Amino acid sequence: MEADVVIVGAGPAGLACALRLCQLIDSGQAGALSKDNILVLEKAREVGAHMLSGAVLDPRALAELLPDFAAEAPLQATVGREGVFLLSSHFALPFPFIPPPLKNHGNFVVSLNQLVRWLGEKVEAQGVTVFTSVAGRDLLFDESGRVNGIRTDDKGLDRTGQPKSNFEPGSDIRSKIVILAEGPRGSLTRQLHGKLALQGRNPQVFGLGVKELWQLPDNRFPAGQVFHTMGWPIPPDLYGGGWLYGLPQNRLSLGLVTGLEYTDPSTDPHTLFQAFKTHPMLRRILQGGEMLRYGAKVVPLGGWYAIPPNAGAGWLVIGDSGGYLNPQRLKGIHLAIKSGMLAAETVVQSMNRGDLTQLESFDQRMRESWAGEELRRVRNFHQGFEHGLWPGLAHAGLQTMTGGRGLREFYPATAGHTRMQRLDQLPNRNEALERREVITDRVLTFNKLDDVYYSGTRHEEDQPPHLLVADTDICSGRCVREYGNPCQHFCPAQVYEMAVDEQGIKRLKLNPSNCVHCKTCDIMDPYQIITWVPPEGGGGPSYDGM
Amino acid sequence: MKLLVCLKQVPAKDAPLKLNSAGSWIVEDVSYEVSEPDAYALEEALRQKEAHGGEVTVITVGPQRAAQVLREALAKGADKAIHVEGDGTQLLDSFATAEAITRAIPGQHFDLILTGLQSDDSGAAQVGVILAELMGIPHATIIMQIEPVPGGVRVKRELEGGAFQYLEMPTPAVLTIQSGINKLRYATLMGIKQAKSKPLSKINAETDGISVELNRLVIERLYVPGAQKKTERITGTAKDAAARIASVLKAQGIGAGE
Ligand SMILES: Cc1cc2nc3c(=O)[nH]c(=O)nc-3n(C[C@H](O)[C@H](O)[C@H](O)COP(=O)(O)OP(=O)(O)OC[C@H]3O[C@@H](n4cnc5c(N)ncnc54)[C@H](O)[C@@H]3O)c2cc1C
């Protein structure tokens with residue numbers, strides 16, 4: 001199959017890009033480009049089904065893309081009362097005022113998967129084909145090393161990689177331009193970074209957001225109420241925080257982001273989230289309620305200095321894949337949309353001039369837009385938290401006063417997995433070895449398997465594993481001794497288990513069907529031997545209302 | 001051969017179901033998919049078409065969201081689709097659904113109409129049978145194989161206990177298809193792209209006179225089955241334990257009488 005533009009990923013970035021291209025075609029600015037030659041690939045069974053976010057939407061970019069959005073878009077509520085709380089295990093100390101950067105006046109509480117479904121319908125109504133249940137599996141390059149297409153996933157392979165009777169091999173889509181909008185830690189984006197040795201000034205760092213959607217018995221947490229928390233149960237030396245966003249019909253979105261840069265290998269973001277709900281403040285809010293949905297996904301937190309070159313010969317990278325997320329406000333939807341729009345404009349201009357090397361102007365366009373300005377103002381934010389909450393808050397205050405600079409122009413960062421400490425280097429080793437279990441009562445707190453059920457996750461069982469572990473001897477040997485197999489702890493869906501075999505040796509047992517596509521393993525494994533690749537298209541979570 | 005396949009959109013398997021506050025239906029915030037036996041019916045129809053030529057039309061009765069199963073069917077190779085659409089059509093019972101299908105295809109001739117054996121949600125196994133009655137044509141259920149013969153088809157039916165029945169029947173006919181009789185295909189990229197330009201006609205259920213008024217089945221109440229598990233741990237010597245087991249069985253009326 002041939003195309004002019006292939007967009008991988010139907011999230012806010014990819015869909016905004018497709019929609020902007022259609023607008024430029026409609027207004028006659030796009031020359032020979034036709035809607036029929038724009039293709040969007042999405043690994044989820046339906047558009048939006050792999051979307052998980054908070055989410056408070058800053059409408060700035062959406063208003064540029066669709067000026068009438070407020071009347072049409074599925075917005076849940078306008079932000080009303082706001083609160084920021086500092087938690088200890090028993091107390092919640094409200095900030096006397098909302099620090100200006102955290103103010104959300106004029107923003108909206110949304111369910112990203114509903115918003116994206118709506119965007120998807122708009123794109124399809126324009127005549128662009130959105131291929132759902134289709135994953136981009138490999139980037140294709142021509143002899144000169146130029147990106148010139150995408151290979152899609154094979155379907156109908158069995159566990160051992162042999163074709164079944166309904167085998168359908170992946171197709172090669174040759175395209176003038178490939179736009180990667182895979183969200184955080186994209187698998188094709190990683191192929192690109194590897195092949196072209198691309199990176200930002202700082203390595204990208206991530207947090208894992210674990211989320212539940214709850215039904216509350218009454219309107220004790222009104223739609224549009226927005227609370228953020230800092231502190232407990234996130235250890236003081238680690239970056240992270242919680243959110244509670246009120247939705248209509250007495251629903252509540254709540255979750256906890258844990259920095260994937262912790263030192264203690266037994267850190268378990270899912271368990272921390274369960275502990276979070278046992279805080280007296282949350283317990284009171286959730287009392288008598290019912291958990292409806294579960295999910296987890298990573299967020300890129302590195303900001304400005306972690307943004308790699310995002311344009312080159314035949315390719316562009318947008319949204320979270322490109323690192324466009326404001327780590328201070330933990331907001332990326334508006335930047336994803338903006339980057340998609342600017343990518344579309346760059347594509348059209350380059351095609352009109354018949355010179356695809358012009359794609360490279362995208363990086364500059366982003367830097368010079370309001371999105372670039374917003375990111376630059378918080379360029380050192382996350383790095384300031386390198387040593388935990390208190391120094392972080394001090395840096396953040398200083399940076400706000402100095403337009404993002406802080407103590408120096410450039411704060412360096414280290415890749416999260418390199419900060420994990422070996423068990424024998426941890427100050428209190430025994431405690432680390434013990435898994436810190438929260439008692440799960442299946443009312444307020446849930447174990448991973450219960451929770452995964454509420455993510456609607458499903459995969460074809462008989463297919464090759466999509467978590468490629470380069471050397472499982474490390475898992476049974478070195479990792480047992482050195483880190484105590486952190487994969488069992490960081491995975492929020494119990495994909496990784498260490499089972500003892502007949503010879504008494506611990507062996508890695510994978511449950512790939514549980515995978516919620518959060519990408520944590522690809523990021524946090526201390527030996528960097530796990531590669532997450534997309535499973536057979538259509539598999540994965542089935543998020544609704546998340 | 002002209003084939004019609006009836007498809008129903010049902011809550012995805014494993015979808016966390018919740019009852020609405022009136023206890024009359026589920027909260028419809030789950031994801032949906034095509035009912036599994038219907039997917040096999042579609043696959044069988046596509047295979048018949050590939051082997052013997054012809055045309056496959058798919059039909060669904062359901063709210064707007066149900067168009068998804070039609071688009072998927074078109075992407076897999078169906079030629080045309082009909083959507084009997086309306087809010088609340090998910091509340092129709094088997095009779096009203098069969099009635100809706102009959103009214104949607106007046107004057108159209110199909111050699112075979114295939115449905116799934118039963119739907120994954122309500123599992124009544126009725127639509128195909130009632131449809132045949134309404135149309136005045138023969139039907140056969142739990143079909144595992146279809147082979148055209150002059151003037152009709154020869155089919156294999158699954159019976160109880162590993163037995164099968166082979167029979168020949170005239171067409172037009174309705175067949176309800178057993179799950180697992182073939183291997184479901186994947187839609188190809190080309191198929192997905194071409195599906196967009198295939199005809200999908202929409203029929204407004206209301207203008208066709210289709211509503212829950214036609215239902216012959218009344219849902220009194222929906223409820224989540226209460227847990228009934230009772231576990232008793234029997235300890236003590238083998239003799240005491242045996243006596244205790246015997247008395248438990250007796251109390252439940254299991255085992256030989258006096
Ligand atoms: C817990 C959490 C809370 C957040 N809260 C907020 C908030 O309150 N406000 C805010 O503005 N932002 C928030 N964000 C960030 C925001 O959700 C992201 O910035 C935004 O979703 C990025 O959009 P995107 O289009 O770049 O990527 P995504 O939304 O991740 O979309 C990527 C899409 O690509 C698909 N895909 C990936 N790889 C492939 C492949 N190889 N082939 C085919 N398809 C593929 C995925 O299935 C997905 O549908 C939050 C994020 C998280 C995780």
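Side chains are part of it too, since the values below use all heavy atoms of this structure and drop only hydrogens, waters and symmetry mates. Computed from a predicted structure; not experimentally measured.
By the neighbour-count criterion of 12 heavy atoms within 6.0 Å, atom NZ of Lys80(B) is sparsely surrounded, having that number or fewer from other residues, nucleotides or ligands. No more than 12 heavy atoms of other residues, nucleotides or ligands lie within 6.0 Å of CD in Gln64(B), so this atom counts as exposed by the packing criterion. Annotation: Glu72(A), atom CD; neighbour count of heavy atoms from other residues, nucleotides and ligands within 6.0 Å is above 12. Shown here is Glu206(B), whose CD atom has no more than 12 heavy atoms of other residues, nucleotides or ligands within 6.0 Å. Enclosure of atom CG in Asp218(A) by more than 12 non-hydrogen atoms of other residues, nucleotides or ligands within 6.0 angstrom is indicated. By the neighbour-count criterion of 12 heavy atoms within 6.0 Å, atom CD of Glu232(B) is densely surrounded, having more than that number from other residues, nucleotides or ligands. Under a cut-off of 6.0 angstrom, the local environment of CD in Glu50(B) is crowded, with over 12 non-hydrogen atoms contributed by other residues, nucleotides or ligands.
No side-chain donor-acceptor contact under 3.5 Å links Asn166(A) to the backbone of Lys183(B).
We find the NZ-OH distance between Lys155(A) and Tyr186(B) to be 8.0 Å, quoted to the nearest 0.5 Å.
Residue Glu33(B) touches chain A through both its backbone and its side chain, counting heavy-atom pairs closer than 4.5 Å. If you measure heavy-atom distances from Leu41(A) to chain B, you find no contacts under 4.5 Å at all. If you measure heavy-atom distances from Val27(B) to chain A, the contacts under 4.5 Å come from the side chain alone. The part of Glu290(A) that comes within reach of chain B is its side chain, from C-beta onward, which places non-hydrogen atoms under 4.5 angstrom from that chain. With a 4.5 angstrom heavy-atom cutoff, Thr152(A) touches chain B only via side-chain atoms.
At a threshold of 4.0 Å, the pair Arg71(B)-Glu124(A) does not count as salt-bridged, since none of the basic side-chain nitrogens sits closer than that to a carboxylate oxygen.
Side-chain atoms of Ser31(B) and Arg45(A), non-hydrogen and from C-beta on, do get closer than 4.5 Å to each other.
Listed here is the closest heavy atom pair of Thr129(A) and Lys196(B): OG1-NZ, 2.7 Å. Across every non-hydrogen atom of Tyr32(B) and Glu46(A), the tightest pair is O-OE2, 3.7 Å. Nearest heavy atom pair, residue Arg293(A) against residue Asp29(B), reads NH2-O, 2.6 Å. Among all heavy-atom pairs drawn from Arg458(A) and Lys13(B), the shortest one is NE-O, 3.7 Å.
Residues from residues 188-195 of chain B that place a non-hydrogen atom less than 4.5 Å from a non-hydrogen atom of chain A comprise Thr188(B), Leu189(B), Met190(B), Ile192(B), Lys193(B), given in numerical order.
Among the candidates Ala15(B), Pro16(B), Ala187(B), the residue making the largest number of heavy-atom pairs closer than 4.5 Å to chain A is Pro16(B).
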